[in-house]
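What follows is a short report on a single structure.
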Amino acid sequence: MPKKSVGQFNIDFIQILNEAGEADPSLLPHFTEKEIRQFYESMVFARLFDEKALNLQRQGRLGTYASIRGQEAVQIGAGLALQASDWWFPAFRDIGISMMRGLPGKNLFLYWAGDERGNAIPPGQNDFPIAIPVGTHIPHAVGAAWGAKIKKDPIAVLVTFGDGATSKGDFHEGMNMAGVFSLPVVFLCQNNQWAISVPRARQTASQTLAQKAIAYGFPGIQVDGNDIFGMVQTTKEALEKARRGGGPTFIEAVTYRMSDHTTADDASRYRSPEEVKGWEGKDPILRLKIYMEKTKIWTPAFEEEVARNSMNRVLNAVTEYEAMPPVDPGEIFDYVFEKPTPDLIEQKQNLLSPPKE
Amino acid sequence: MPKKSVGQFNIDFIQILNEAGEADPSLLPHFTEKEIRQFYESMVFARLFDEKALNLQRQGRLGTYASIRGQEAVQIGAGLALQASDWWFPAFRDIGISMMRGLPGKNLFLYWAGDERGNAIPPGQNDFPIAIPVGTHIPHAVGAAWGAKIKKDPIAVLVTFGDGATSKGDFHEGMNMAGVFSLPVVFLCQNNQWAISVPRARQTASQTLAQKAIAYGFPGIQVDGNDIFGMVQTTKEALEKARRGGGPTFIEAVTYRMSDHTTADDASRYRSPEEVKGWEGKDPILRLKIYMEKTKIWTPAFEEEVARNSMNRVLNAVTEYEAMPPVDPGEIFDYVFEKPTPDLIEQKQNLLSPPKE
Amino acid sequence: MEKLTLVQAINLALSEEMERDPGVVVMGEDVGKDGGVFRATLGLLDRFGGERVIDTPLSETGIIGAAIGMAAYGLTPVAEIQFLGFIYSAMEQIISHAARLRTRTKGRYHCPLVIRTPYGGGIHAPEHHSESSEAYFYHTPGIKVVVPSTPSDARGLLKSAIRDPDPVLFLEPARIYRSIKEEMKGDDPIPLGEARIARSGKDITLIAWGAMVHTALKSAEAVKKEGIEAEVIDLRTLYPMDTGKILSSIEKTGRGIVVHEAPLKGGLGGEIAAIIQEKALLYLEAPVLRVAGFNTPIPLPKMEQVYLPSPEKITAAIYQTLRY
Amino acid sequence: MEKLTLVQAINLALSEEMERDPGVVVMGEDVGKDGGVFRATLGLLDRFGGERVIDTPLSETGIIGAAIGMAAYGLTPVAEIQFLGFIYSAMEQIISHAARLRTRTKGRYHCPLVIRTPYGGGIHAPEHHSESSEAYFYHTPGIKVVVPSTPSDARGLLKSAIRDPDPVLFLEPARIYRSIKEEMKGDDPIPLGEARIARSGKDITLIAWGAMVHTALKSAEAVKKEGIEAEVIDLRTLYPMDTGKILSSIEKTGRGIVVHEAPLKGGLGGEIAAIIQEKALLYLEAPVLRVAGFNTPIPLPKMEQVYLPSPEKITAAIYQTLRY
Ligand SMILES: Cc1ncc(C[n+]2csc(CCOP(=O)(O)OP(=O)(O)O)c2C)c(N)n1
Ligand SMILES: Cc1ncc(C[n+]2csc(CCOP(=O)(O)OP(=O)(O)O)c2C)c(N)n1
Ligand SMILES: [Mg+2]
Ligand SMILES: [Mg+2]
């Protein structure tokens with residue numbers, strides 16, 4: 001056998017709901033009308049919340065903020081697919097999933113206002129705080145999945161990250177370990193085409209990101225990330241497989257960052273308005289609305305109710321956020337270790353009651 | 001197009017000279033008799049040198065040493081494929097290539113005796129010193145290739161490393177950059193099945209290592225690493241492609257570490273004698289010898305000459321090594337910076353002429 | 001000449017050095033089209049092209065690792081790490097390779113690499129964007145560490161860093177990127193390893209670098225009203241350190257305070273105090289004090305000003321020292 | 001009870017803790033079948049099985065990163081890094097995550113992770129195998145740093161490290177892994193943060209940790225012949241540091257020398273000298289000296305003894321201090 005093939009691999013792309021709001025009947029799972037309304041409402045809420053955050057930032061009521069506009073289907077889809085007992089490890093552009101997981105909106109505002117209390121995930125919510133150093137949370141998710149496997153907990157772990165994160169060594173080392181130990185973890189890459197100013201094609205030469213899973217010996221799949229049906233379904237299947245002991249899956253969700261990278265960024269410096277415009281037509285909310293119209297699930301009254309409810313929730317979160325008492329400076333020392341070390345006790349004391357001169 | 005294939009990939013395996021010493025005529029390039037004799041002689045020399053090093057270590061005349069036994073075809077093949085103007089970035093188990101590149105044997109002994117002078121590559125030899133932190137030299141090779149591309153030097157860069165190294169983030173980040181910038185670099189993985197006590201199957205879940213290249217958008221190929229013809233040919237083609245501006249290639253050479261990991265290791269603790277025995281039949285030198293016998297290139301006189309010449313070279317290297325004057329302790333300070341900083345000058349002075357008491 | 005901010009001065013130095021030496025290559029995340037997230041590399045892509053101003057993937061290990069290879073190959077890479085807090089994944093490349101290449105090869109190779117990175121607090125940035133971990137690098141043999149505190153120094157020191165044949169970590173105090181404007185004082189490189197007396201005084205020596213120089217100067221102004229003349233030393237280069245200037249100031253004042261943003265424990269304040277007591281114990285009228293960050297991670301913006309040294313904290317330490 | 005070497009004591013502590021708590025998991029390169037390259041984990045795989053004694057891929061970032069996730073999930077991973085010189089690629093995971101998880105989440109999560117790793121010179125090892133970079137970790141908020149110098153201490157301190165709810169870097173002086181045998185003194189954990197007086201004396205205080213404790217003791221024996229009584233403090237825990245014991249010794253002796261293998265510049269000697277002069281200046285009869293590695297990478301075996309502190313170097317520093 002002088003020259004022979006020793007490996008053949010294929011990468012699939014899934015799209016259930018296309019840009020025109022048409023669903024492929026051969027792939028469409030049975031979603032109830034109620035479920036579909038929930039998809040819609042959750043996406044609208046995420047968008048309104050996001051817009052509010054941008055607004056607060058402009059008014060100086062919030063610090064730097066990273067918008068999720070355009071990525072609502074990925075995030076709501078993944079959020080819906082997760083079960084409460086699953087664990088989730090977020091990147092920094094993930095408020096959609098955060099809110100599906102039950103994180104109070106106030107926490108999100110606090111965090112982006114530079115207040116660590118925002119990272120204090122409520123008890124019972126199995127989520128990690130946001131990872132700012134890109135991709136570094138991927139091994140954590142792998143470790144938690146490993147923990148679940150060792151403890152025989154029938155849960156799955158989800159980790160979300162961007163296209164940029166796939167270039168980091170942490171991605172590689174985490175993916176590789178997940179493969180070797182066949183861990184119950186789903187890697188969900190939100191390929192929003194940009195890592196700040198670096199376009200996807202400059203991030204890696206691989207045709208798809210999904211094919212990166214081939215390097216680790218487990219399945220990779222590409223999904224239309226603006227298709228809520230495809231997102232819910234693919235993520236759900238992957239999580240179920242993980243819970244069943246079927247090992248890891250890598251999902252590349254093809255989507256687009258409609259906004260600047262963060263409020264500190266100006267995307268017009270590096271990308272064309274045409275490109276952005278092109279993606280507007282692929283909007284995840286719009287296409288679901290068209291589908292709902294076609295299938296008579298959408299009504300103006302429903303839209304109005306969704307808008308009203310969502311806005312109320314958003315405004316409540318703002319109120320709660322702005323009603324937070326200021327942080328106690330002494331807290332700086334309180335969570336470094338379970339028991340503060342002598343030097344921390346001394347520094348805290350000096351801060352709170354400086355030695356009299 | 002609801003579900004479609006967006007990527008198909010294939011990984012080939014190449015073997016020209018099989019275990020029985022038979023060459024595949026459809027793949028065999030034209031090698032002259034002289035070339036084939038050189039292949040043989042170089043491999044024998046590498047093996048003798050390696051045996052001598054192990055010997056010296058046992059006698060306490062050398063420090064910890066990492067044997068290349070079993071990997072001669074990979075190393076001699078790669079060494080032959082390189083041109084003098086190419087650059088090479090070695091791992092720590094690479095004395096075969098080192099010697100093909102012209103590194104004096106004395107240097108190798110010095111290095112493994114714990115003397116940094118062994119790392120002082122002679123001027124004109126475009127090779128880096130050995131990388132001990134596994135895989136960390138891979139980005140260096142990528143950077144040198146990048147330098148060559150920027151300077152428009154028509155050279156290629158080779159980097160060699162083990163199967164274990166493929167798990168490190170440095171491998172990933174280096175491979176990815178090479179793909180993005182289409183750099184003239186060849187990644188040669190010596191898959192010798194073990195990373196100390198960790199078997200290949202435990203290192204990564206991917207079926208082949210070659211398929212890891214798919215993640216970076218450039219070709220990966222698997223070669224029988226004990227087949228000198230296949231090694232020479234594959235490496236040569238990849239380097240030529242790189243020199244021509246064709247971008248990177250990843251080569252997985254399937255071979256076996258016949259020895260303990262290093263002289264500090266005892267492989268019998270973790271692998272079976274049967275496994276080792278099985279690989280003895282695949283020996284790269286043996287199979288070339290059979291081929292040469294069959295094709296009448298081998299004669300007892302040739303064998304004797306090879307043995308004598310090689311042993312002389314080895315013994316000369318030992319003599320040169322043992323004749324080296326001791327290192328001057330002052331040198332510790334001489335190469336930290338081009339010009340020593342004041343603290344280094346002070347420390348050197350204190351060492352060489354300590355303040356009188 | 002027009003007045004420049006610190007970040008503009010860096011931009012100027014980069015373009016001047018790229019002009020001077022075609023081997024100088026700028027690389028990093030978003031340094032090209034975007035001109036860097038702080039605009040330090042603005043305009044360089046247009047001027048010098050994509051082969052010398054390289055937008056890289058998100059890959060700190062890869063950036064530094066590849067830069068080492070480039071440097072050994074004969075180029076002079078100036079690699080940007082977007083924030084000091086993201087350099088840690090490249091520590092192995094820095095500690096085990098960049099800083100050792102010359103030593104390991106007995107001089108056959110060397111590594112003329114500059115790593116530029118914004119550092120320090122006070123910019124209301126998200127987590128991990130306000131680190132001051134200069135002590136890690138000071139402790140690392142084989143790399144120089146430079147921190148400018150004025151636009152002119154930024155330009156002159158960066159030029160020296162780029163011309164230096166060995167690796168240099170060039171820390172840019174993000175907090176004062178735009179807060180000071182200054183006319184450039186000549187366009188010569190400023191030698192590495194020489195501290196600057198930012199303010200003369202006879203009563204106490206304040207030793208600082210980066211943004212803290214300005215904090216120390218404010219405190220010096222404050223105590224001046226009480227007739228106390230504080231000398232302020234701007235170290236400019238942390239390694240090699242200009243201990244000569246530190247010691248002669250201490251010999252004059254008999255009192256010293258080191259100010260830094262990094263956590264107190266294991267910060268450079270300890271090193272400097274140790275050097276002072278070793279070489280000038282008999283001159284000391286009081287212990288050398290350290291005004292530094294707490295032994296905690298730097299908090300998020302809401303609390304960072306509590307954490308960071310302030311003129312008030314320095315002033316309190318001055319009085320404590322004078323009353324000793 | 002049978003006498004044990006330091007590495008055997010570590011093995012014992014690991015097995016005792018794994019027995020006590022089914023959540024303790026040992027992971028790293030070659031820790032399973034091979035029992036670790038120094039045999040610290042010998043027999044654990046057979047006894048506790050492959051789910052709790054895990055041979056990992058060659059992946060330091062992955063090992064520490066996954067261990068963080070496991071720890072947050074409720075296990076107690078004891079991760080081995082094969083040599084301290086290979087930990088640097090995991091620095092981001094350690095600095096930005098392990099050490100901050102509790103702070104970042106206001107206590108919602110914490111990270112009961114132990115990182116064990118052999119460190120230090122004197123073992124004739126290849127490049128990068130003889131590092132002493134404890135100062136990087138001392139400077140890092142949120143992680144404790146422990147270094148035993150005797151078999152009994154190794155066992156007792158490792159037990160405490162494993163039971164500690166926060167991350168601990170446990171540095172094992174490879175040079176004395178097998179050179180001392182000792183009967184175990186009870187099987188209780190030894191609290192972190194408490195130094196040990198390894199030898200009492202009234203004339204000068206030598207402060208050391210790890211293998212250097214024994215080097216300091218040798219020097220103390222040497223000067224005893226001249227009637228000099230040196231006190232030797234074995235810090236045992238570097239962070240949190242037992243400054244109380246250091247200061248009361250200095251108040252007694254008036255003289256101090258810190259001994260460490262790491263490069264002088266930016267090493268912990270500076271920190272300790274700074275603390276002493278700050279808190280006990282008026283007791284000091286002479287400057288606190290530092291006997292340390294040079295400001296260079298530690299050389300390969302042929303030269304490492306020139307680089308490392310020796311009894312002779314310490315003795316010379318003792319005389320220098322006494323004659324001050
Ligand atoms: C390790 C690291 N390097 C650099 C940065 C600065 N940075 C923040 S986000 C970002 C781009 C991330 O791109 P991607 O992963 O695609 O996520 P996206 O922003 O598109 O959601 C960069 C470079 C960082 N946070 N962490
Ligand atoms: C970063 C790093 N981690 C761990 C080690 C210790 N170590 C030395 S060689 C080795 C295994 C290397 O395996 P592989 O890459 O397959 O090379 P081989 O030894 O088989 O040639 C290990 C774990 C190291 N040198 N560097
Ligand atoms: Mg992105
Ligand atoms: Mg191997």
Side-chain angles (χ1 to χ4, degrees), chain C residues 60-61 85-96 99-100 103-104 127-128 131 133 135-142 239-241 258 262-282 284 286-290 293-300 324, chain D residues 60-61 85-96 99-100 103-104 127-128 131 133 135-142 239-241 258 262-282 284 286-290 293-300 324:
Chain C
E60 281 76 13
T61 303
F86 305 134
I87 207 172
Y88 304 134
S89 72
M91 290 298 264
E92 182 161 49
Q93 288 294 343
I94 297 171
I95 297 170
S96 301
R100 282 184 205 196
T103 293
R104 295 186 63 228
E127 285 181 288
H128 308 284
E131 304 276 297
S133 33
Y136 294 143
F137 303 93
Y138 180 87
H139 186 49
T140 303
Y239 186 83
M241 194 180 281
V258 189
L264 178 85
K265 62 166 189 152
L268 282 191
E271 178 74 9
I272 296 167
I275 292 170
I276 293 173
Q277 65 87 39
E278 185 183 336
K279 304 275 170 103
L281 184 67
L282 299 180
L284 281 183
V288 179
L289 294 187
R290 298 181 273 172
F294 302 133
N295 292 348
T296 71
I298 180 167
L300 283 198
Y324 185 79
Chain D
E60 281 75 13
T61 303
F86 305 135
I87 207 170
Y88 303 134
S89 72
M91 290 298 263
E92 181 160 49
Q93 288 295 343
I94 297 172
I95 297 170
S96 301
R100 285 186 202 194
T103 292
R104 295 187 62 229
E127 284 182 287
H128 308 284
E131 304 276 296
S133 32
Y136 294 143
F137 303 93
Y138 180 87
H139 186 48
T140 302
Y239 186 83
M241 193 180 282
V258 189
L264 180 86
K265 62 166 188 153
L268 281 190
E271 177 74 9
I272 296 167
I275 291 171
I276 293 173
Q277 65 87 40
E278 185 183 335
K279 304 276 167 103
L281 184 66
L282 300 180
L284 281 183
V288 179
L289 294 188
R290 299 180 274 171
F294 302 132
N295 292 347
T296 71
I298 181 167
L300 283 198
Y324 186 79

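Quick note on labels: first sequence line is chain A, next is B, and so on, each numbered from 1. FYI, side chains are in, hydrogens and waters are out, and symmetry mates aren't considered; it's all heavy atoms of this structure.
Proximity to chain C (any heavy atom under 4.5 Å) is shown, for D:F294, by neither the backbone nor the side chain. At a 4.5 Å heavy-atom cutoff, D:Q93 makes no contact with chain C through either its backbone or its side chain. Contact annotation for C:E131: only side-chain heavy atoms (C-beta onward) come within less than 4.5 Å of a heavy atom of chain D. Heavy atoms of C:A286 lying under 4.5 Å from chain D belong exclusively to its backbone. Interface residue C:T103: only side-chain heavy atoms are found under 4.5 Å from chain D. Looking at D:L300, there are no atoms closer than 4.5 Å to chain C (heavy atoms on both sides), in backbone or side chain. No part of C:I94 comes within reach of chain D, as not one of its non-hydrogen atoms sits under 4.5 angstrom from that chain. Contact annotation for C:L264: only backbone heavy atoms (N, CA, C, O) come within less than 4.5 Å of a heavy atom of chain D.
A donor-acceptor contact shorter than 3.5 Å is absent between the side chain of D:E278 and the backbone of C:P287.
A donor atom on one side chain and an acceptor atom on the other are found under 3.5 Å apart for D:Y136 and C:T140.
With chain D as the partner, the residue from C:A280, C:A90, C:P297, C:A135 showing the most heavy-atom pairs under 4.5 Å is C:P297. Ranked by heavy-atom pairs shorter than 4.5 Å toward chain D, the options C:G142, C:A273, C:S96 are led by C:S96.
In this structure, the side chains of D:V288 and C:Q277 come closer than 4.5 Å at one or more pairs of heavy atoms.
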